[in-house]
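One structure is given here, and the rest of the page talks about it.
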Amino acid sequence: YNTGVLTATAYYRVIVSATGADCSTITSTAVTVTVVPDPAIAVQPIGTTICNGGDHTLSVTATGGTPVLSYQWQRSPVGAGVWSNVGTNSASYNTGALAGSFDYQVLVSAAGSGCEPVTSAIATVTVVAGPIITTQPMGATICSGGTHTMSVVATGDPATGPLAYQWQIATTIAGTYTNIAGAILPTYTTDALTATRFYRVVITQMPSGCQIISAVAAVNVQACDGSIGDYVWNDVNGDGIQTANEPGIANVPVTVTYYGPDGVPGGGDDIVFNTITDATGGYLVDGLPLGNYNVTITPPASFPTATFD
C-alpha cells in the first residue's frame with residue numbers, strides 16, 4: 001500500500017481476513033507515518049566586507065526535513081549566477097583567504113520521502129584593497145636627550161576612504177606595542193629619549209578597517225661624550241707644524257660628518273655638523289657618539305694653498 005501524497009501525519013493498520021468457514025480476522029498494530037515540514041531556512045547566511053587576503057565564515061540555521069539535514073555550499077563570481085560547489089556537509093563554511101569578491105549560497109536538503117530542498121538567500125563577500133606601505137619609517141642612533149623624526153608613506157583606495165595612522169612604541173623590539181597619544185599623522189617626532197625605544201605605525205583604510213603594520217624602527221640612544229677639534233693656521237713655512245709665528249685663521253668653515261651606526265659614508269644615516277674656527281683658529285664639535293667621522297675644512301680664498309690638519 002502506498003499512502004500517496006501526505007500533508008499531515010496519518011496512522012495506518014491492516015485487517016487480515018480469510019473467506020473460509022469459522023475464519024476470524026486479525027488486525028495489525030497501528031503504524032504512524034509522521035509528516036514533517038520540508039527543510040526551511042530560519043537564519044540566512046550573512047555576507048560582509050573584508051580586506052584583501054582575509055576570510056569570512058558563513059553560517060545558516062535550518063529546520064524541518066527528515067531524517068537529517070544536508071548542506072551544500074556554493075560560490076559564484078558576484079552577480080554571475082555561475083555556481084560551483086565548495087566546502088563540506090556543514091551548516092557553516094569558511095571562505096578561506098580571498099583576493100576577490102564572491103556570492104555564496106547554501107542548498108539545504110533531506111533524504112526523507114517528499115522532502116524538497118531549499119536554497120538560501122545569496123550572501124556577498126566583498127573584498128576591498130588594504131593600504132600598502134611604499135616607504136617604511138627609518139630608525140636612527142641619537143644622543144641621550146635627543147629626538148628623532150620618522151615618516152611613513154602609504155597608499156590606499158581614495159574611493160573607499162582616507163587612511164588613518166597610529167604610531168606605537170615598545171621598550172623591546174618583540175615587546176608589547178602601545179599607542180602613542182596624538183601620534184596620528186604620517187610623520188612622528190619622538191619625545192626626548194634617554195633609552196632605546198622601538199616604533200611602528202598602524203595604518204588603517206577607512207571605513208573598511210583594513211590594516212597594515214609598518215616595519216619596526218629602532219631609535220638607539222647612546223651617551224655622546226666624544227668630541228673632534230683642532231686648529232687651522234697659516235703654515236708660513238709649509239712644514240705642516242704650527243709654530244709661534246704662524247697664527248690661526250678665524251672663521252674657516254669646518255664640516256664634521258658622522259657616518260652613522262653603519263659606519264659607511266653615504267649609507268643613509270650620515271649626520272653632518274657644521275662649525276667655524278674661532279679667533280685663534282680653533283674648532284671643537286662635542287657631544288658626538290662613538291663611530292667613524294670625516295672632517296672637511298674649506299680653505300679661505302686668501303689662502304688657496306693653506307696646509308691644514
Task: Separation between OH of Tyr283 and CG of Asn274, rounded to the nearest 0.5 Å - done: 13.0 Å
- [ ] Provide the closest heavy-atom pair for Val285 versus Thr275 in the form atom of the first, atom of the second, distance.
- [x] CG2-CG2, 3.9 Å
Task: Contacts of type side-chain hydrogen bond (donor to acceptor under 3.5 Å, both in side chains), residue Gln211, not counting sequence neighbours - done: Thr204
Task: Contacts of type side-chain hydrogen bond (donor to acceptor under 3.5 Å, both in side chains), residue Asp103, not counting sequence neighbours - done: Thr124
Task: Check: Asn251 main-chain N/O paired with Thr277 side-chain donor or acceptor under 3.5 Å - done: yes
Open item on the list: Count I, L, V, M, F, W, Y as connected when their side-chain heavy atoms are under 4.5 Å apart, and connections chain through other members. Are Val86 and Val127 then in the same cluster?
Closed with: yes
Task: ring pair (Phe, Tyr, Trp, His ring centres under 6.0 Å): pairs with one or both residues in residues 246-278, sequence neighbours excluded - done: Tyr258-Tyr293
Task: Pair Ile142-Thr147, side-chain contact (heavy atoms from CB on, under 4.5 Å): steps then yes or no - done: CA-CA 7 Å; Ile142 63 173; Thr147 64; 5.7 Å; no
Task: Identified side-chain contact (heavy atoms from CB on, under 4.5 Å) partner of Pro45 from the options Tyr93, Trp73, Tyr104 - done: Trp73
Task: Which atom of Pro137 lies closest to which atom of Trp167, heavy atoms considered - done: CB-CH2, 3.8 Å
Open item on the list: So, taking the atom named CG in Asn179 and the one named CD1 in Ile169, what distance separates them when rounded to the nearest 0.5 Å?
Closed with: 11.5 Å
Task: Asp269/Asp262 under side-chain contact (heavy atoms from CB on, under 4.5 Å): CA gap, chis, key distance, verdict - done: CA-CA 8 Å; Asp269 56 354; Asp262 64 5; 3.0 Å; yes
- [ ] Using the rule that two of Ile, Leu, Val, Met, Phe, Trp, Tyr join whenever any of their side-chain heavy atoms come within less than 4.5 Å, decide whether Tyr177 and Val152 are in one cluster.
- [x] no
When the side chains of residues 17-37 are checked against the rest of the protein, which donor-acceptor pairs come out under 3.5 Å, sequence neighbours left out?
| residue | atom | partner | partner atom | Å |
| --- | --- | --- | --- | --- |
| Ser28 | OG | Val14 | N | 2.8 |
| Ser28 | OG | Val14 | O | 3.4 |

Result block: side-chain N/O donor-acceptor pairs under 3.5 angstrom for residues 76-83, not counting sequence neighbours:
| residue | atom | partner | partner atom | Å |
| --- | --- | --- | --- | --- |
| Ser76 | OG | Gly81 | N | 3.2 |
| Ser76 | OG | Val82 | N | 3.0 |
| Ser76 | OG | Val82 | O | 3.2 |

TODO: Could you list all the disulfide (SG to SG under 2.5 Å) pairs where at least one residue sits in residues 127-195, not counting sequence neighbours?
DONE: Cys143-Cys224
Task: Closest non-hydrogen atom pair, Ala217 against Met138 - done: CB-C, 3.9 Å
Give the table of side-chain donor-acceptor pairs shorter than 3.5 Å for residues 184-203, with sequence neighbours excluded, one pair per line with atom names and distance.
| residue | atom | partner | partner atom | Å |
| --- | --- | --- | --- | --- |
| Thr187 | OG1 | Ser151 | OG | 2.8 |
| Thr189 | OG1 | Thr149 | OG1 | 2.7 |
| Thr190 | OG1 | His148 | N | 3.0 |
| Thr196 | OG1 | Val221 | N | 3.0 |
| Arg200 | NE | Gln168 | OE1 | 2.7 |
| Arg200 | NH2 | Gln168 | OE1 | 3.1 |

- [ ] Identify whether Leu6 and Tyr1 are in the same connected component of the hydrophobic contact network (ILVMFWY, side-chain heavy atoms under 4.5 Å).
- [x] yes
Task: Leu163 side, atom CG; Thr155 side, atom OG1 - distance, nearest 0.5 Å - done: 7.5 Å
Open item on the list: Taking disulfide (SG to SG under 2.5 Å) as the cut-off, I'd like each qualifying pair that reaches into residues 50-127, sequence neighbours left out, listed once.
Closed with: Cys51-Cys210
Task: Nearest heavy atoms of Gln44 and Ala121, plus distance in Å - done: OE1-N, 2.7 Å
Task: Atom pair CD1/OG of Ile133 and Ser214 - distance to nearest 0.5 Å - done: 5.0 Å
Open item on the list: If I take atom OG1 from residue Thr257 and atom CG from residue Asp270, how far apart are they, to the nearest 0.5 angstrom?
Closed with: 7.0 Å
Open item on the list: Between Gln136 (side chain only) and Val153 (backbone N and O only), is there a donor and an acceptor less than 3.5 Å apart?
Closed with: no
Open item on the list: Distance check, rounded to the nearest 0.5 Å: Ser120 atom OG versus Leu107 atom CG?
Closed with: 7.5 Å
- [ ] Report yes if some heavy atom in the side chain of Ile212 is under 4.5 Å from a heavy atom in the side chain of Ile132; otherwise report no.
- [x] no
Task: Which atom of Asn52 lies closest to which atom of Ala99, heavy atoms considered - done: OD1-CA, 3.2 Å
Task: For Gln74, all residues meeting side-chain hydrogen bond (donor to acceptor under 3.5 Å, both in side chains), sequence neighbours excluded - done: Asn85, Gln105
Return all side-chain donor-acceptor pairs below 3.5 angstrom for residues 242-250, not counting sequence neighbours, or 'none' if the list is empty.
| residue | atom | partner | partner atom | Å |
| --- | --- | --- | --- | --- |
| Gln242 | NE2 | Glu246 | O | 3.3 |
| Thr243 | OG1 | Asn245 | OD1 | 2.7 |
| Thr243 | OG1 | Glu246 | OE1 | 3.3 |
| Glu246 | OE1 | Trp233 | NE1 | 3.3 |
| Glu246 | OE1 | Thr243 | N | 3.1 |
| Glu246 | OE2 | Val236 | N | 3.0 |
| Glu246 | OE2 | Asn237 | N | 3.1 |

TODO: Output all residues satisfying side-chain hydrogen bond (donor to acceptor under 3.5 Å, both in side chains) with Ser227, sequence neighbours left out; order by chain, then residue number.
DONE: none
Residues 53-70 side chain polar contacts: donor-acceptor under 3.5 Å, at least two apart:
| residue | atom | partner | partner atom | Å |
| --- | --- | --- | --- | --- |
| Asp55 | OD2 | Asn94 | ND2 | 2.9 |
| His56 | NE2 | Ile46 | O | 3.0 |
| Thr57 | OG1 | Asn94 | ND2 | 2.9 |

- [ ] For Ile297 and Pro299, work out which heavy atoms get closest and say how close.
- [x] O-CD, 3.3 Å
Task: Side chain to side chain, Val128 and Asp157, heavy atoms closer than 4.5 Å - done: no
